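Order of appearance sets the numbers: ligands from 1, and atoms from 1 within every ligand. As the structure is a prediction and not an experimental result, all values here were calculated from the model.
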Amino acid sequence: MGESVANTILVTGGAGYIGSHVCKALASIGMVPVTFDNMAAGHRWAVQWGPLVEGDLRDGAALSAAFKTYAVEAVIHCAGLTSVPESQVQPHAYYDTNVVGTLSLLAAMRQAGLKALIFSSSCATYGNPTKVPIVEGHPQQPTSPYGRSKLMAEQILADHRNAYGIESVSLRYFNAAGADPRSDVGEDRAVQTHLFPLAMQAALQGNEMVVYGTDYDTRDGTCVRDYVHVSDLAAAHVMALQKLRSGKAAHAYNLGTGEGTTVMEVLAAILRVTNKRVPRRLGQRRSGDPAELVADSTRARQELGWHPQHRHIDAMVRTAWSWELKRQLDHAPRRAV
Ligand code: UFG
């Protein structure tokens, strides 16, 4: 501690779902991920590839201390609140963590002379698309406080680039799914709203999940999403960091496979891969859900050399399923102690 370590990257939210996969990807090429996480949604067991600093984004002194202690060279900013429905009832919390938190991080970076940041953004910044697949130049008109908070952070980053020379890349994730292929880490939230974990828990526990809306103008009436494997997302962060250092990175990249999958097709994939039927009830539309979100990720392919390795929905189901089995056996009892 304290001495200069080559390629040390501060990963905010490194104890969370995507952040922990990013830490593994960094470590796999010899970099040192330092997790900075307030542990509100993060897990100690998810921090396996470098030190953990417990701290809040809005605590500038804690960030400055972490930068100094570990001689940090760049930042990957994954920390944030991530639920669209929750953001509709708790907008203050979303702007505070996702916008004020990002401002605080940028202030600490300026003070430490750090100039490189990769930011976890979202396809939720586009809102209801007028043209699918979505390219980066598509108008950004988010329909939720969550999406607006991510868009505001993107705009703040652009202003910091112009005024202070902090270079950044915003990675607009489509629907993150799956888990580390060795089940080292995976998704584990106290309150779950995402389709993959809810469907798997329903398949395992026999409770009914609700399919939100069957009257969309899509091939089977349910929403289409572009599910992208979390390990592929993680790999893109490393590539974006390298590209940023070369001075030639674009400011935003869409990250999706370009394949749209309906809710019903996800449930069919779960049956195909696990032999378990997901008990479901056909319900009303969930407010704020666009009918179809599919990425055009040509820019990431061409400029970052990003080629998702786990493109097929079955690969996402397989890894998510292994993780869910392990999580239920392993982490759940530990949490209850
Ligand atoms: N869904 C169900 N039943 C459920 C949960 C989800 O039918 O119990 C459907 C949703 O209606 C949607 C699809 O499954 O059509 C996927 O829903 P998720 O909640 O898993 O994810 P979202 O599409 O809402 O994801 C959005 C954005 C992301 C953003 C994320 C943040 O697409 O960019 O919210 O939570 F990051």
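- Geometrically, Arg110 engages Tyr164 in a cation-pi contact defined by less than 6.0 Å to the ring centre and at most 45° from the axis.
- Taking any N or O of Val210, backbone or side chain, at least one lies under 3.5 Å from an N or O belonging to ligand 1.
- Below 4.0 Å from some heavy atom of Tyr173 lie the following atoms of ligand 1, by number and element: 33 (O).
- Near Cys123, meaning under 4.0 Å from any of its heavy atoms, are these atoms of ligand 1: 32 (O), 33 (O).
- Short contacts between ligand 1 and Val211, defined as distances under 4.0 Å to a heavy atom of the residue, involve ligand atoms 7 (O).
- Atoms of ligand 1 found under 4.0 Å from any heavy atom of Thr82 (numbered from 1 in listed order, with element): 31 (C), 35 (O).
- When only non-hydrogen protein atoms are considered, atom 9 (C) of ligand 1 lies nearest to Val263 CG2, 3.7 Å.
- Every atom of ligand 1 is numbered from 1 in the order shown, and the set under 4.0 Å from a heavy atom of Leu198 is 8 (O).
- Using a 4.0 Å cut-off between a side-chain N of Lys or Arg and a carboxylate O of Asp or Glu, Glu259 and Arg225 do not qualify as a salt bridge.
- The heavy atom nearest to atom 17 (O) of ligand 1, out of those in Arg280, Arg225, Arg286, is found in Arg286.
- Within the cation-pi definition used here (under 6.0 Å to the ring centroid, within 45° of the axis), Arg285 qualifies as a partner of Tyr216.
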Next item on the list: Take Thr12 and His77, measure what side chain to side chain donor-acceptor pair (under 3.5 Å) needs, and give me the verdict at the end.
Entry: CA-CA 5 Å; Thr12 73; His77 179 27; 2.7 Å; yes
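- Here Tyr173 and His237 bring their ring centres to under 6.0 angstrom of each other.
- Interface of Tyr227 with ligand 1, defined as ligand atoms under 4.0 Å from a residue heavy atom, comprises 13 (C), 16 (C).
- Per-residue contacts place Ala124 under 4.0 angstrom from the following atoms of ligand 1 (heavy atoms of the residue considered): 33 (O).
- Side-chain contact between Ile166 and Met109 is present, with heavy atoms from C-beta onward closer than 4.5 Å.
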